[in-house]
Amino acid sequence: MDSFLLLQHLSDGKFHSGSEIGRLFSVSRTAVWKALGKLEEFGVAVESHKGKGYRILGGLDLLDRSAILSSLSADVKARIAEFLVFPAVDSTNKLLMDSMARQGEYHLVTTEMQTAGRGRRGKVWVSPFAKNVYLSIGFELHGGPEALSGLSLVAGISVVRALGALGVEGAQLKWPNDIWVDGRKLAGILVELQGEATTSWQVVVGVGLNVKMSERDGEGIDQPWVALDELASLRRSDIVASMVESLVSIIEQFKRFGFSAFREEWERHDLICGNDVQVNEGEISGRAIGVDAVGALKIDTSSGCVVVNAGEVSVRPNVS
Ligand code: BTN
């Protein structure tokens, strides 16, 4: 018996007896019992009560592919060649990177959980089942390396826009593309590429956004983090739909106008502008003063303005 179908059935948080489940899926009580045991693979705890049956306390907010698709605009929907929703994958970015020769404009993959979620700089992205959003979009960009300038910053803007459309204001961007709220990281973006620098690029933009992550799930995360449910009560499918809408629209704009069209919007949400920062643990120190026309970070240092194209930025604590 398919344990994910069983999870879907139990996702309402109500009690279901073994015999009811057995009847519904036309399997024996033993098969039900075995399938319940397998749910541990998803990290989901199933309660069992004598006489009442089985339930998932609090239920599960599972992704609903048709609800996501039906809330997209006609223009965005027409551009989507493929929209895959999985119970579990190793990494949505990896899945798209491994199948790059694709037809059509935009390929989207989302999942309930990732077993090997990829973060920036080789880190693991914590990806528990049915708690957060893990979404990747694959597409082609034409042109030389300049065609990519600022793309990851623009992806960050798309998340801020998607949140705004859901009524969540106040998200800020930490260069190059982290999304922070109230001093804690809410979402991260990983851009991966394949291609010939001279003609075209196969691009995958992956977004991970914490929605209902518990303290326990997030125990191993080495920086302050926040989950969206502290700010708003939203269904994961609505969040995914808003992100797909915003990502596809923004990439279309980016293809036509490049980063310069977004610079002002980026700077409106710039978390670190005006702060003393360090790049790559002290390689460069100075005051962050915004981004240039291609999205590089500008830092005012003791020896003048330095432009940083890539690196890890930390804000230096104020010494008072
Ligand atoms: C970061 O370190 O800030 C980037 C995190 C990116 C995580 C997302 S989740 C969906 C996609 N698939 C992955 O394996 N990683 C990205």
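Remember, it's 1-based here, ligands and their atoms both numbered in the order they're listed. For clarity, every value in this text was computed on a predicted model and none was experimentally measured.
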Margin query: Between Lys185 and Asp178 (salt bridge meaning N to carboxylate O under 4.0 Å), is one present in this structure?
Written below: yes

Notebook entry, point to check: Counting each atom of ligand 1 from 1 as listed, which ones have a heavy atom of Leu135 under 4.0 Å away?
Noted result: 10 (C)

Notebook entry, point to check: Would one find an N or O of Lys185, backbone or side chain, under 3.5 Å from an N or O of ligand 1?
Noted result: yes

Next item on the list: Find all atoms of ligand 1 within a distance of less than 4.0 Å from any non-hydrogen atom belonging to Ser136, and give their numbers and elements.
Entry: 11 (C), 12 (N)

Margin query: With a 4.0 Å cut-off on N to O distance, would you call Asp222 and Lys123 a salt bridge?
Written below: yes

Next item on the list: Pull out every atom of ligand 1 sitting under 4.0 Å from any heavy atom of Arg120, numbered as shown with elements.
Entry: 1 (C), 2 (O), 4 (C)

Note to self: Is Gln114 close enough to touch ligand 1? Criterion: a residue heavy atom under 4.0 Å from a ligand atom.
What the structure shows: yes

Notebook entry, point to check: What protein heavy atom sits nearest atom 5 (C) of ligand 1, and how far off is it?
Noted result: Trp125 CE3, 3.3 Å

Check: In terms of ring plane angle, is the pair Phe15 and His49 parallel, tilted or perpendicular, where the classes change at 30° and 60°?
Finding: perpendicular

Check: If we only count N/O pairs under 3.5 Å, is Thr92 in contact with ligand 1?
Finding: yes

Check: In ligand 1, which numbered atoms sit nearer than 4.0 Å to a non-hydrogen atom of Ile189?
Finding: 3 (O), 4 (C)

Item checked: Atoms in ligand 1 with a heavy atom of Gly117 nearer than 4.0 Å -> 14 (O)

Expected list for residues 247-257: side-chain donor-acceptor pairs under 3.5 angstrom, two or more places apart:
unit_1: Ser249; atom_1: OG; unit_2: Glu245; atom_2: O; d: 2.5
unit_1: Glu252; atom_1: OE1; unit_2: Arg79; atom_2: NH1; d: 3.2
unit_1: Glu252; atom_1: OE2; unit_2: Tyr106; atom_2: OH; d: 2.6
unit_1: Glu252; atom_1: OE2; unit_2: Lys255; atom_2: NZ; d: 3.3
unit_1: Gln253; atom_1: OE1; unit_2: Arg161; atom_2: NH1; d: 3.1
unit_1: Lys255; atom_1: NZ; unit_2: Tyr106; atom_2: OH; d: 3.2

Next item on the list: May I ask you to list the atoms of ligand 1 that are less than 4.0 angstrom from any heavy atom of Asp178?
Entry: 3 (O)

Check: Can you find a pair of side-chain heavy atoms, one from Ser214 and one from Lys131, that are under 4.5 Å apart?
Finding: yes

Margin query: Closer than 4.0 Å to some heavy atom of Gly208 - which atoms of ligand 1 meet that?
Written below: 7 (C), 8 (C), 9 (S)

Next item on the list: Any atoms of ligand 1 less than 4.0 Å from a non-hydrogen atom of Arg118? List them with their elements.
Entry: 5 (C), 6 (C), 7 (C), 13 (C), 14 (O), 15 (N), 16 (C)

Check: Is any NZ, NE, NH1 or NH2 atom of the basic residue among Glu230 and Arg184 found under 4.0 Å from an Asp or Glu carboxylate oxygen of the other?
Finding: yes

Notebook entry, point to check: Could you walk me through whether Thr115 and Asp90 pass the side-chain hydrogen bond (donor to acceptor under 3.5 Å, both in side chains) check?
Noted result: CA-CA 4 Å; Thr115 53; Asp90 47 4; 5.6 Å; no

Notebook entry, point to check: Does a donor on one side chain and an acceptor on the other come within less than 3.5 Å for Glu82 and His107?
Noted result: yes

